[in-house]
Amino acid sequence: MNKTVMSLLSVMLLASPLVQASSEAAWQQSNKDMQGACLKASQLSKVKVVGKAIEYDDSVGYSALLLEGRYPQKHMNNQRGRELCLFQRSSGKAVVSEADQLSAKK
């Protein structure tokens, strides 16, 4: 290969991670979508996000988010509760599970 082609290939290889990187606006929208899906999936009342999301790499494709609210069932007497939300980034689906044993670092 000639020197010009090699130089061009080198520049393209160095720039390729920049092309694949998501913009800040895209990350913010993704985070907003995750929070919305997790809050909607929650069974708690007065639910809110607690702490920051845990982002697993793309080979797993999930993010985790801790939620906190109040149990709406009468027998629970409005007791505080926590749920762990797993958000599948590729589909936008969220599932929650009771996680009262977890606490957020403040």
Side-chain angles (χ1 to χ4, degrees):
M1 284 191 208
N2 68 30
K3 198 172 191 179
T4 305
V5 172
M6 289 298 285
S7 295
L8 182 60
L9 284 174
S10 296
V11 169
M12 289 173 62
L13 285 173
L14 289 172
S16 65
L18 299 176
V19 173
Q20 294 179 6
S22 295
S23 69
E24 182 63 29
W27 278 108
Q28 288 176 357
Q29 184 61 50
S30 177
N31 191 46
K32 185 178 178 180
D33 293 344
M34 174 182 55
Q35 287 185 17
C38 286
L39 293 172
K40 184 176 179 181
S42 176
Q43 300 298 306
L44 299 172
S45 65
K46 299 179 184 175
V47 66
K48 63 182 179 183
V49 174
V50 182
K52 293 184 179 183
I54 299 169
E55 304 288 345
Y56 292 91
D57 82 24
D58 288 340
S59 68
V60 175
Y62 281 90
S63 299
L65 197 59
L66 186 60
L67 307 174
E68 185 175 276
R70 299 283 174 177
Y71 286 106
Q73 299 87 350
K74 188 172 183 167
H75 71 277
M76 294 298 286
N77 297 320
N78 204 34
Q79 179 180 341
R80 186 180 75 182
R82 289 195 181 97
E83 293 173 329
L84 184 63
C85 177
L86 293 180
F87 179 74
Q88 187 176 34
R89 294 187 298 266
S90 63
S91 69
K93 292 184 181 179
V95 293
V96 295
S97 185
E98 179 272 321
D100 287 334
Q101 70 276 18
L102 296 178
S103 63
K105 184 178 180 180
K106 295 188 179 194

Is there a path of hydrophobic side-chain contacts, each under 4.5 Å between heavy atoms, that joins Ile54 and Val60?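 Both belong to a single hydrophobic cluster.
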Are Val50 and Leu39 in one and the same hydrophobic cluster, where Ile, Leu, Val, Met, Phe, Trp and Tyr link if side-chain heavy atoms are under 4.5 Å apart?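 No, it is not one cluster - the side chains of Val50 and Leu39 are not joined through contacts under 4.5 Å.
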List the atom of [X], the atom of [Y], and the distance in Å for their closest heavy-atom pair.
X: Met34; Y: Ser63; result: SD-CB, 3.4 Å
X: Asp100; Y: Gly81; result: OD1-CA, 3.2 Å
X: Ala64; Y: Leu84; result: CB-CD1, 4.2 Å
X: Gly92; Y: Ala37; result: O-CB, 3.9 Å

Rounded at 0.5 Å granularity, tell me how far [atom1] in [X] sits from [atom2] in [Y].
X: Lys48; Y: Glu68; atom1: NZ; atom2: CD; answer: 5.5 Å
X: Cys85; Y: Tyr62; atom1: SG; atom2: OH; answer: 10.5 Å
X: Glu55; Y: Asp57; atom1: CD; atom2: CG; answer: 11.0 Å
X: Tyr56; Y: Gln88; atom1: OH; atom2: CD; answer: 14.5 Å
X: Lys93; Y: Phe87; atom1: NZ; atom2: CZ; answer: 11.5 Å
X: Met76; Y: Arg80; atom1: CE; atom2: CZ; answer: 12.0 Å

Given Cys38, which of Leu65, Val95, Leu66, Leu86 fulfils the side chain to side chain contact (heavy atoms under 4.5 Å, CB included) condition?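 Only one of Leu65, Val95, Leu66, Leu86 forms a side chain to side chain contact (heavy atoms under 4.5 Å, CB included) with Cys38, namely Leu65.
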Listed by chain and number, what are the side chain to side chain contact (heavy atoms under 4.5 Å, CB included) partners of Leu44, not counting sequence neighbours?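 For Leu44 the side chain to side chain contact (heavy atoms under 4.5 Å, CB included) partners, ignoring immediate neighbours, are Ser42, Val47, Tyr71, Glu83.
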Using modelled atom types and a 3.5 Å cut-off, is there a donor and acceptor pairing between side-chain atoms of Arg70 and backbone atoms of Lys46?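 Here the side-chain-to-backbone pair does not exist.
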